[in-house]
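Notes follow once the structure below has been shown.
Basis for what follows: all heavy atoms, side chains included, without hydrogens, waters or symmetry-related copies. Bear in mind the structure is a predicted one, so any value in this text is a computation, not a measurement.
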Amino acid sequence: AAFTNILKYLDTKKKVKLLFAAISFSLGYLSKFDVVPLIAIIPVVVFKKYKTNYKTIIILASAFVFAYIMYRMTKGLMLDRNAVQGTRIYQYFENPLNFEHEFIDRISAGFNSLGFYVKMLCWPNKMACYYGYNAIPIFSFTSFYALIGLSTSALLGYLFFNRFKKPDMLWFGVVFFVGFISMYLNVAIPAAGIVADRFMFFASIGFSIAVVYLVLKLDKTKTKITKWKDLKSSQKAIPAIIFVIFTFLIINRNTEWKSKSDLFAADVKKYPESVKLSLLTTSQLIIDLNNKEKADALSNNDKLKKIRDAEITLKKAIRTDSSCGGCYNNLSFMYLTFERNPAEALPYLKLGYKRDTAKKEVICNLGIAYFRLGDIENAKKFLFLAIKHDKKKDFTVPYEVLQDLYSRTNIGEGIAFFHHKLKENPNSELYNVLIGKTYFEAKDTLNSIKFYKEALKINPNNSNVADFVTKLEVKYFKSDW
């Protein structure tokens, strides 16, 4: 819309079109920064197409600045500053270039990225929801993608400078393609995931212009083609063939989006070296196996096979990127929860904890592993540490595990612990439920009923607690009933 309104402004000189263009730019900034290359593309296109003067270029530049000011004001007034000012912390497997690498590595990454995009624009097979490290070889000048990128760079450079004085349709296609794809070549700024299918969206405009130019050039006898009937049969056949082939590819890809499980499983087969896809696939498997309905739909043999395959996938991902904390977490969780093998889980939990000493889930799982191995002191140490790192105070697992631990080892200590927690927060449903459970396991039914009822006062909709209290009362006050 911004580009169209600028062209209309140049044709009509109506300033309202320039205002519409600025508003469109501002909205574009808010939605996605893919509009940024237009700041360079539009002046170049306008200067070459309209042979305009520098005054007009300055006016357009002023519109861009105005649009950016509107974007900043809108963002500041309408959005929560705390929500938009956070700094994203990238992990190595998202893009190694975010970490220390020489500039030459960015150049090789640029050629590989360009080669990947050109290949996908020409033949979009093996599409994936995420690529990342090590889906394509970014640190090589001799890989398949790098060679395509080198050749394409030479061709694009030749076309741009050779046709600069007399720009034609192909030249404008080159400008659009290079302008938009330059943001995602990992040279100036590393891109999240290294490459992505969506990064080609605007660049495909330039690619399409170039393809249309080549199709039109099949008939060298006509210098101007304005209607469909002006095309030769061969020229009409090419878009029809492209439409049929790409329709098949798109439909085939869409079938893989049936669910997250299907999507990740399909994509990790295409790029088994991708650490992120390995992490996504195994994380989704954990979610599915913790879902009773989905888990019950699988036979025990199928579950075991999926778990063992996931373990192999994660170990391979760890070999590729030993800094992948999520990989350690998923692998240890599978050993701990599905395999019931805390001894096998413990080494990976320790490695995960070493990578991130503040991750409450890892710390809690360390406590659970030590508990199951009979190391009570270390179990309590890490469970208390998990509680300490629970900044939002909504992580219930360490409390539930501690309740079980105290009931099995020192029930009096457990009662004292939960009484202390209730003094800190007497309106906690969780603490009342857990101390009620602890009293029940200590065979103190009256106190158990008392604290369960306190929990029901806080949350009357807890049907499980209500039913259990009723059963306790029926059993304890049998004569009254």
Side-chain angles (χ1 to χ4, degrees), residues 91 93 126-132 135 193 197 250-318 324-342 344-346 348-349 352 359-369 371-372 386 392 394-401 404 430 433 459 461-465 467-468:
Q91 298 192 60
F93 61 74
K126 292 183 68 177
M127 289 182 283
C129 61
Y130 199 98
Y131 294 91
D197 299 339
I250 291 167
I251 291 172
N252 185 57
R253 175 59 177 163
N254 286 346
T255 60
E256 296 173 347
W257 283 82
K258 183 180 178 181
S259 67
K260 285 186 177 180
S261 302
D262 294 323
L263 176 64
F264 298 151
D267 289 355
V268 79
K269 288 178 182 176
K270 301 171 193 172
Y271 298 98
E273 300 297 329
S274 171
V275 176
K276 178 70 171 183
L277 282 176
S278 300
L279 190 57
L280 288 171
T281 305
T282 53
S283 296
Q284 189 60 44
L285 177 62
I286 290 170
I287 293 169
D288 291 345
L289 292 179
N290 281 319
N291 181 304
K292 189 177 185 305
E293 185 180 341
K294 291 183 179 180
D296 289 345
L298 296 170
S299 67
N300 288 333
N301 286 337
D302 285 341
K303 288 179 193 173
L304 186 60
K305 185 179 185 307
K306 285 180 177 290
I307 291 166
R308 296 285 164 79
D309 287 345
E311 289 166 358
I312 293 169
T313 298
L314 286 167
K315 287 177 182 177
K316 186 175 182 180
I318 289 169
C324 178
C327 296
Y328 294 113
N329 301 343
N330 283 4
L331 186 55
S332 58
F333 183 87
M334 287 183 169
Y335 280 126
L336 193 62
T337 306
F338 302 139
E339 300 268 25
R340 297 287 175 179
N341 190 341
E344 194 74 36
L346 193 59
Y348 294 105
L349 282 168
K359 194 170 181 66
K360 61 187 179 184
E361 294 84 0
V362 176
I363 300 169
C364 182
N365 283 335
L366 266 168
I368 294 170
F371 175 32
R372 291 181 182 174
K392 294 182 179 179
D394 60 356
F395 191 36
T396 64
V397 178
Y399 294 104
E400 292 163 355
V401 177
D404 187 25
L430 175 68
V433 167
N459 180 14
N461 298 319
N462 193 330
S463 58
N464 290 331
V465 171
D467 292 344
F468 190 69

Where do M334 and A310 come nearest, in terms of heavy atoms and distance?
CE-CB, 3.4 Å
If only atom types and distance count, is the side chain of T281 paired as donor or acceptor with the main-chain N or O of F264 below 3.5 Å?
yes
Smallest separation among heavy atoms of K276 and F93, with atom names
CD-CE1, 3.5 Å
What are the two closest non-hydrogen atoms of V397 and C364, and how far apart are they?
CG1-SG, 3.6 Å
Would the distance check show the side chain of S278 and the main-chain N or O of L314 forming a donor-acceptor pair, the cut-off being under 3.5 Å?
no
Does D267 reach the main-chain N or O of C129 with its side chain, forming a donor-acceptor pair under 3.5 Å?
yes
Assess whether a salt bridge exists between D302 and K306, defined as any Lys/Arg side-chain N lying under 4.0 Å from an Asp/Glu carboxylate O.
no
Can you tell me how far apart CG (D309) and OG1 (T282) are? Round to the nearest 0.5 Å.
12.0 Å
Spacing of CG belonging to L331 relative to CD1 belonging to I312, to within rounding of 0.5 Å
11.0 Å
Is there a side-chain contact between L263 and Q284 (heavy atoms, below 4.5 Å)?
no
Donor-acceptor pair, side chain of K303 and main chain of A295, under 3.5 angstrom
yes
Pair I368, T337 - check side-chain contact (heavy atoms from CB on, under 4.5 Å), show working.
CA-CA 10 Å; I368 294 170; T337 306; over 6 Å; no
For the side chain of K270 and the backbone of M127, is there at least one donor-acceptor N/O pair under 3.5 Å apart?
yes
For side-chain contact (heavy atoms from CB on, under 4.5 Å), just list the numbers for Q91 and V275, CA-CA rounded to whole Å, side-chain angles, deciding distance to a tenth of an Å, and then say yes or no.
CA-CA 11 Å; Q91 298 192 60; V275 176; over 6 Å; no
Parallel, tilted or perpendicular: rings of Y348 and Y335 (30°, 60°):
parallel
Please tell me if the side chains of F333 and N290 come closer than 4.5 Å, counting only heavy atoms from C-beta onward.
yes
If you round to the nearest 0.5 Å, how far is OG of S332 from CD of E339?
12.5 Å
Tell me yes or no: between the side chains of N365 and E361, is some donor less than 3.5 Å from an acceptor?
no
Distance col, row L280:CG vs Y130:OH, nearest 0.5 angstrom, shows 8.5 Å
Rounded to the nearest 0.5 angstrom, the CG-CG distance for N330 and L279 is 5.5 Å
Side chain to side chain donor-acceptor pair (under 3.5 Å) against Y271, all qualifying residues, sequence neighbours excluded:
none
Note: L349 and A369 closest approach over all heavy atoms is CD1-CB, 3.8 Å
For C324, all residues meeting disulfide (SG to SG under 2.5 Å), sequence neighbours excluded:
C327
Looking only at atom types and distance, does a side-chain atom of R372 sit under 3.5 Å from a main-chain N or O of L336, one as donor and one as acceptor?
yes
Nearest 0.5 angstrom please: I286 CD1 to N291 CG, how far?
14.0 Å
